[in-house]
Structure formats: structure tokens, C-alpha cells
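A quick write-up on the structure given underneath.
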Amino acid sequence: MLLNSKKIALIVIDVVFDFVEVSGIFAKTYGEDDVKPLVEVKNKIIDTLSELKDTNDGSLISTICCQSIYKHKQFRKKGLEDLCVTKEGQECMIQPLSKFFDYSIVKSTNSIFDLLEFKEISTNSTKPKEEFIELLRQHDYVMIMGVTTTSCVRISVEALIQLGFKVMLPKDWIACRKTQTKEGEEFYEKVKESVTIIDSCKQLEL
């Protein structure tokens, strides 16, 4: 699939310590085996971002790091009371941010549009939250990577669809817990008429 000079806003959701590290809260709560897909997708995303930065001058692709800051007991499930509450738990595992990302956003719920902060990384300047949507509208597609398929990715994709964005989902670069694989596939089935779903970013010539 060749995207002839199409502009893409690539948002990487919640590749942060508490979700994608074996010592993070997700692994402690659900077990290392259940969260293995989340741990593995981190390295896939890092490799893809490295390749994009090496082969593109930034004029066609804007990369956006999305992190979460949650409140204590925002999630009621036992074990998740402090999910993304501490600075360690909130930290993006793709570092340094300035090497891989052009912008960063910090959200307070499962949706990328419930923003606490929107920042341009090169200038370290905080921008009005309203400009985040304006930035996305400057692109032909919004591509989503990250975790988890059944939570933040799902809710954010549904919001993007409602706002009229063209959304692209590379399935191999999006992950959920093993025990939620069926729910993840049901999500793709639900949105398949509204988004572009591809198996891998390698199908694209970016």
C-alpha cells in the first residue's frame, strides 16, 4: 500500500512503564504471560519509528507520543489502583523523546482528546490543547500505534471516527493482553468499514 505524498499524524499511545514493562503494574496485576504482547510491541514500535526518522525529513509524518496521568483509584480493579499515577509508571519507554517524537500529549482518561498537556518537543513549549486537533487536521491520515486495543486505542479511535478523521490501524503495532485477543478482534471487526486496517507498517512505503 503506497501512500503517495500523504501526510500522516502517527500517535503512539501508552507505551509507558506501567503498561509495557514486566515490572510495571499491568504485569504485576495480570501476569507476565498475559501482558507479553504489550511488552513485545514496544520494540516493534521503536524499530518503526527509527526507520521513519531515518527515511523521512518530517514533512510528511508528525510523530506524537501519548502518555497518561491517572488519579489514585481512577481504575477500580484490584491491582490497578495506582496505574500511571507515579512518575515512573507514567514514563514513556521510547527514549529519548526528542529522537523519536515531534510532539507529546498527556491524557487523563482513555481518550487522546482528554488532554492535560500538548507540547512541541523540539522547542519544549506547551501549546494550547485546542491546537492538537488543528495539528491532526493538517494531515491526511491519523495512524495509531500502542496499547491497549480494547481500551485507550479503541476509545481514541472511536473518537477520531466521530470527528471525521481518516484513521489507519497497523494491527501488528497495536497490542492488548492475551486474554483480550478476542475482544481486540471484535473491535477491528466493528470499525473495519470506518478505518483502514493493515497487518503491518511494512505494507506501507512511507
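In this chain, residues are counted from 1 in sequence order.
- One finds a salt bridge joining Asp33 and Lys178 here, because a Lys/Arg side-chain nitrogen approaches an Asp/Glu carboxylate oxygen to under 4.0 Å.
- Distance alone, capped at 3.5 Å, places no donor-acceptor pair between the Ser108 side chain and the Leu116 backbone.
- Taken to the nearest 0.5 Å, the CE atom of Met168 stands 6.0 Å off from the CD1 atom of Ile198.
- Cation-pi geometry between Arg177 and Tyr30 is satisfied (NZ or CZ under 6.0 Å from the ring centre, within 45° of the ring normal).
- Note that the CD1 atom of Ile144 and the CD1 atom of Ile112 stand 5.0 Å from one another [nearest 0.5 Å].
- More than 12 heavy-atom neighbours from other residues, nucleotides or ligands sit within 6.0 angstrom of CD on Glu131.
- The distance from the CZ atom of Phe17 to the CD atom of Gln90 is 12.0 Å, given to the nearest 0.5 Å.
- Under the 6.0 Å distance and 45° angle rule, Lys119 does not count as a cation-pi partner of Tyr103.
- In this structure, Ile121 is not a member of the same hydrophobic cluster as Ile105, with clusters built from ILVMFWY side-chain heavy atoms closer than 4.5 Å.
- Once rounded to the nearest 0.5 Å, the distance linking OG of Ser50 with CD1 of Ile45 reads 11.5 Å.
- Between Lys107 and Asp114 no salt bridge is recorded (no basic side-chain N to carboxylate O distance below 4.0 Å).
- Placement of Ile46 and Val20 within a single hydrophobic cluster is found when ILVMFWY residues are connected by side-chain heavy-atom separations under 4.5 Å, directly or transitively.
- A salt bridge is defined here as a Lys NZ or Arg NE, NH1 or NH2 lying under 4.0 Å from an Asp or Glu carboxylate O, and Lys42 with Glu21 meets this definition.
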Given the rule in the side chain to side chain donor-acceptor pair (under 3.5 Å) test, do Glu183 and Thr150 qualify, once you have shown the distances and angles that lead to the verdict?
-> CA-CA 7 Å; Glu183 290 87 339; Thr150 55; over 6 Å; no
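- Atom OG of Ser125 is separated from atom CD of Glu120 by 5.0 Å, given to the nearest 0.5 angstrom.
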Derivation of the side chain to side chain donor-acceptor pair (under 3.5 Å) call for Ser62 and Asp102 = CA-CA 6 Å; Ser62 296; Asp102 303 306; 4.7 Å; no
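- No more than 12 heavy atoms of other residues, nucleotides or ligands sit less than 6.0 Å from atom NZ of Lys71.
- For Lys127, the NZ atom sits in a packed shell: over 12 heavy atoms of surrounding residues, nucleotides or ligands are nearer than 6.0 Å.
- Contact check on Lys190 versus Glu186 returns no salt bridge, with no Lys/Arg side-chain nitrogen under 4.0 Å from an Asp/Glu carboxylate oxygen.
- Under the 4.0 Å criterion applied to side-chain N and carboxylate O atoms, Asp82 and Lys73 are not assigned as salt-bridge partners.
- If you take CZ on Arg154 and OG1 on Thr149, they are separated by 10.5 Å, rounding to the nearest 0.5 Å.
- In summary, Arg137 and Glu134 do not engage in a salt bridge, as defined by a charged side-chain N under 4.0 Å from a carboxylate O.
- For Ser68 (side chain) and Tyr70 (main-chain N/O), no donor-acceptor pair under 3.5 Å exists by modelled atom type.
- Two residues are said to be in side-chain contact when any heavy atoms from C-beta on lie closer than 4.5 Å; Val22 and Val39 meet this criterion.
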